[in-house]
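Please read the structure below before turning to the comments.
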Protein chains: 2
Amino acid sequence: MERRQTVQRSLVLSTVIDVCNHPTAQAVYDEVNKIYPSIGKATVYRNLCLLVDEVKLKKVVAIEGPVHYDSTLSTHSHLECRICKKIVDVDISFKDEFYDGVKVETGFSEIDRNLILSGLCPQCKETVLNGEGVK
Amino acid sequence: MERRQTVQRSLVLSTVIDVCNHPTAQAVYDEVNKIYPSIGKATVYRNLCLLVDEVKLKKVVAIEGPVHYDSTLSTHSHLECRICKKIVDVDISFKDEFYDGVKVETGFSEIDRNLILSGLCPQCKETVLNGEGVK
DNA sequence: CTAGATGCAAACGTTTTGCAAATCT
DNA sequence: AGATTTGCAAAACGTTTGCATCTAG
């Protein structure tokens, strides 16, 4: 099962890198579609999976809505606005002792993590305060 | 918009409490269905949302697959097996300073969190080792 | 030449919605 | 009585799959 290089594949990867704000599969599709209109949505999904598999991209599981993709591979976490669903990076990582503790506590191995914080972004907070007073 | 008490609602809540291992909506439906066969799936979904809203239940967003529900309201985290998808509790919480740091770093407010760890549970690890050798 | 990749449409699993009938207060 | 809730079926949503065709190596 050798892996081939295709225009579609490179476009999917470079789009996630360029767009850079944690696009969803749909957003990647829309973007690639602009410059390569014949691409199919399934191709985008297939390539996103594949690229995650090859660790060229990371999957970001949001609290609501579709999966997002991240081209920043170094360890960090995400913060999602509860209202506009925007996702921003947060520089959080855990020490090895943290993972060791979890292993001991649970018996699980090969621990990975997906820390997703949620909150109100400054803009949405503003809107809430103006729009409808303090509920 | 006063909220009524209904048999269905109490059954949904008590089922999540009794079953206790982070059931999905489907699992709750199946369980309630045993003792109250006329219940509709939409009713289960509606009541789960409603109970989360009232903070009588917590939503657990898994890395793959459907949402799970948790009747343990005190702060803790979850660990999901990458193979069998089982979810177990882990006793992890963050200090206030952690949230303060995030607020300063990002400008977001009202920070909440969903920490979902993934790993290999002891049973699945066993299976992997026996079943196909070291890949 | 041929395994792997594509594009399309249809299938999938989960969740939400519209609506008339039933139920709680 | 009147607003809320129910059960049903259909729709919505994100994602995956089957398949015939195309393409990179």
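- Between Asn114(A) and Ile63(B), the shortest heavy-atom contact is CB-CD1, 4.1 Å.
- Annotation: the terminal axes of the helix from dC1(C)-dG25(D) to dT25(C)-dA1(D) meet at 40°, where each axis is the rotation carrying the C1' atoms of four end pairs onto the next four (5 pairs per end, rounded to 10°).
- Non-hydrogen atoms lying under 4.0 Å from DNA chain D are contributed by nothing in residues 25-39 of chain A.
- Contacts between residues 60-67 of chain B and DNA chain C, defined by a heavy-atom separation under 4.0 Å, are made by Pro66(B), Val67(B).
- Residues Pro23(A) and Val16(A) are in side-chain contact: their nearest non-hydrogen atoms beyond the backbone lie under 4.5 Å apart.
- Ser71(A) is linked by a side chain to side chain donor-acceptor pair (under 3.5 Å) to nothing, counting only residues two or more places apart in sequence or in another chain.
- Annotation: side chain to side chain donor-acceptor pair (under 3.5 Å) contacts of Ser118(B) (sequence neighbours excluded): Arg82(B).
- Shown here are the side chain to side chain donor-acceptor pair (under 3.5 Å) partners of Lys56(A), two or more places apart in sequence or in another chain: Glu54(A).
- Take Glu64(B) and apply the salt bridge (Lys or Arg N to Asp or Glu O under 4.0 Å) test, not counting sequence neighbours, and it matches Lys85(B).
- Pairing each heavy atom of Thr15(B) with each of Val32(B), the nearest pair is OG1-CG2, 3.3 Å.
- Note on Leu79(A) and Leu115(A): same hydrophobic cluster, where clusters join Ile, Leu, Val, Met, Phe, Trp and Tyr whose side-chain heavy atoms are under 4.5 Å apart, directly or indirectly.
- Applying the salt bridge (charged side-chain N to carboxylate O under 4.0 Å, His left out) test to every pair with at least one member in residues 18-33 of chain A, sequence neighbours left out, gives these pairs: Glu31(A)-Lys34(A).
- Side-chain atoms of Val102(A) and Phe108(A), non-hydrogen and from C-beta on, never get closer than 4.5 Å to each other.
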Ignoring hydrogens and angles, write down the donor-acceptor pairs under 3.5 Å from the side chains of residues 87-94 of chain A, residues two or more places apart or on other chains.
residue	atom	partner	partner atom	Å
Asp89(A)	OD1	His22(A)	NE2	2.9
Asp89(A)	OD1	His76(A)	NE2	3.1
Asp89(A)	OD1	His78(A)	NE2	3.2

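- Only one option out of Leu73(B), Thr72(B), Leu51(B) pairs with Lys58(B) in a side-chain contact (heavy atoms from CB on, under 4.5 Å); it is Leu73(B).
- With rounding to whole Å, Leu13(B) atom CG is found 17 Å from dT5(D) atom C1'.
- A donor and an acceptor atom, one from each side chain of Ser77(A) and Arg113(A), are located under 3.5 Å apart.
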Which pairs would a plain distance check flag for residues 40-47 of chain B, meaning a side-chain donor or acceptor within less than 3.5 Å of a matching protein atom at least two apart in sequence or in another chain?
residue	atom	partner	partner atom	Å
Lys41(B)	NZ	Gln26(B)	OE1	2.7
Asn47(B)	OD1	Arg9(B)	NH1	2.6
Asn47(B)	ND2	Thr43(B)	O	3.1

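- When the shell of 6.0 Å around NZ of Lys59(B) is examined, it contains more than 12 heavy atoms from other residues, nucleotides or ligands.
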In 5'-to-3' order, the base (B), backbone-only (S) or no-contact (-) status of each nucleotide in nucleotides 20-25 of chain C, using a 4.0 angstrom heavy-atom cut-off, is ---BBS
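- Within residues 41-50 of chain B, the residues approaching DNA chain D are Ala42(B), Thr43(B), Arg46(B), Asn47(B), by heavy-atom distance under 4.0 Å.
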